[in-house]
Amino acid sequence: MGDKDRLVRNLINEGYLKTPKIIKAFKSVDRSVFVPKEHRIHAYADYPLPIGHGQTISAPHMVAIMTELLEPQKTDKVLEIGAGSGYQAAILSKLVNKVYTIELDPELADFAKENLKKAGIKNVEVIVGDGSKGYEKEAPYDKIILTCATEDFPKPLIEQLKEGGIIMGPLGDSFFQNLIVARKIKGCLERKNYGGCVFVPLRH
Ligand code: SAH
């Protein structure tokens, strides 16, 4: 068994990957395509890796947890804040209709675009900008996923989420956060806490 298959098998055995279509998505996206050359030997290890500019590609188990909790549906339009390497967006692209992903750093946005192109993924659009403002042009979204840490969900994102939709992200300070998953019910967020995590902070 190759390292790539072993990673997916471990994510299943450890209980992070559960849903068959999500397991399939993980098998179909090669993480090494999204990792800078110098770290490629660690591409199938279950920890975050540097992608330059002080940013990181999340650990595979964190991508698995978030993807499962997002309950992706084939018809979904998803907004991601923090494209980084493009890996999380690539996984989601296999499970939903369309992903818009916003990246503050123009060079990282180019990195994500190139990686997605190499992976042959066509239903992800990378946008350069401040994701805390959301992306009004394509709103409303079925799901919104933040992959950088913030004190609370920015208001524009809540407004751009469909009624019944899911928003999730690491909420807390720049050192430690809780993974919060919320559903928009009658305009208000019903939140659930899925425990501690560490992400790079959202910047302005
Ligand atoms: N989802 C990424 C990992 C993201 S790391 C992956 O799969 O690789 C967090 C990213 O959020 C970094 O690339 C950082 O530059 C970006 N970021 C920080 N503040 C932001 C903001 N206000 N808007 C958009 N992106 C932001």
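Small disclaimer: the values here were computed from a predicted structure and weren't measured. Order of appearance sets the numbers: ligands from 1, and atoms from 1 within every ligand.
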Next on the checklist: Can you see whether Tyr44 engages Asp30 through a side-chain donor-acceptor pair at a distance of less than 3.5 angstrom?
Outcome noted: yes

Checklist entry - Can you name the residues that form a salt bridge (charged side-chain N to carboxylate O under 4.0 Å, His left out) with Asp105, not counting sequence neighbours? => result none

Next on the checklist: Less than 4.0 angstrom from a charged side-chain N to a carboxylate O is my criterion; do Asp3 and Arg31 meet it?
Outcome noted: no

Checklist entry - Is Glu71 paired with Arg183 through a side-chain N to carboxylate O contact shorter than 4.0 Å? => result yes

Short N or O separations between ligand 1 and the protein, below 3.5 Å:
residue	atom	partner	partner atom	Å
ligand 1	1 (N)	Glu80	OE2	3.0
ligand 1	1 (N)	Gly82	O	3.0
ligand 1	1 (N)	Thr147	OG1	3.1
ligand 1	7 (O)	Gln88	N	3.0
ligand 1	8 (O)	Ser85	N	3.0
ligand 1	8 (O)	Ser85	OG	2.6
ligand 1	13 (O)	Glu103	OE1	2.8
ligand 1	13 (O)	Glu103	OE2	3.4
ligand 1	15 (O)	Glu103	OE2	2.6
ligand 1	15 (O)	Arg203	NH2	2.6
ligand 1	19 (N)	Arg203	N	2.9
ligand 1	22 (N)	Asp130	OD1	2.8
ligand 1	22 (N)	Arg203	O	2.7
ligand 1	23 (N)	Gly131	N	2.8
ligand 1	25 (N)	Leu104	N	3.2

Next on the checklist: Which residues end up grouped with Ile158 if you chain together Ile, Leu, Val, Met, Phe, Trp and Tyr wherever their side-chain heavy atoms are less than 4.5 Å apart?
Outcome noted: Leu79, Ile81, Tyr100, Ile102, Ile127, Tyr135, Tyr141, Ile144, Leu146, Phe153, Leu157, Leu161, Ile167, Leu171, Ile180, Leu189, Leu202

Taking distance alone, no hydrogens or angles, what donor-acceptor pairs closer than 3.5 Å link side-chain atoms of residues 19-27 to residues at least two apart or in another chain?
residue	atom	partner	partner atom	Å
Thr19	OG1	Glu68	OE1	2.6
Lys21	NZ	Pro72	O	2.8

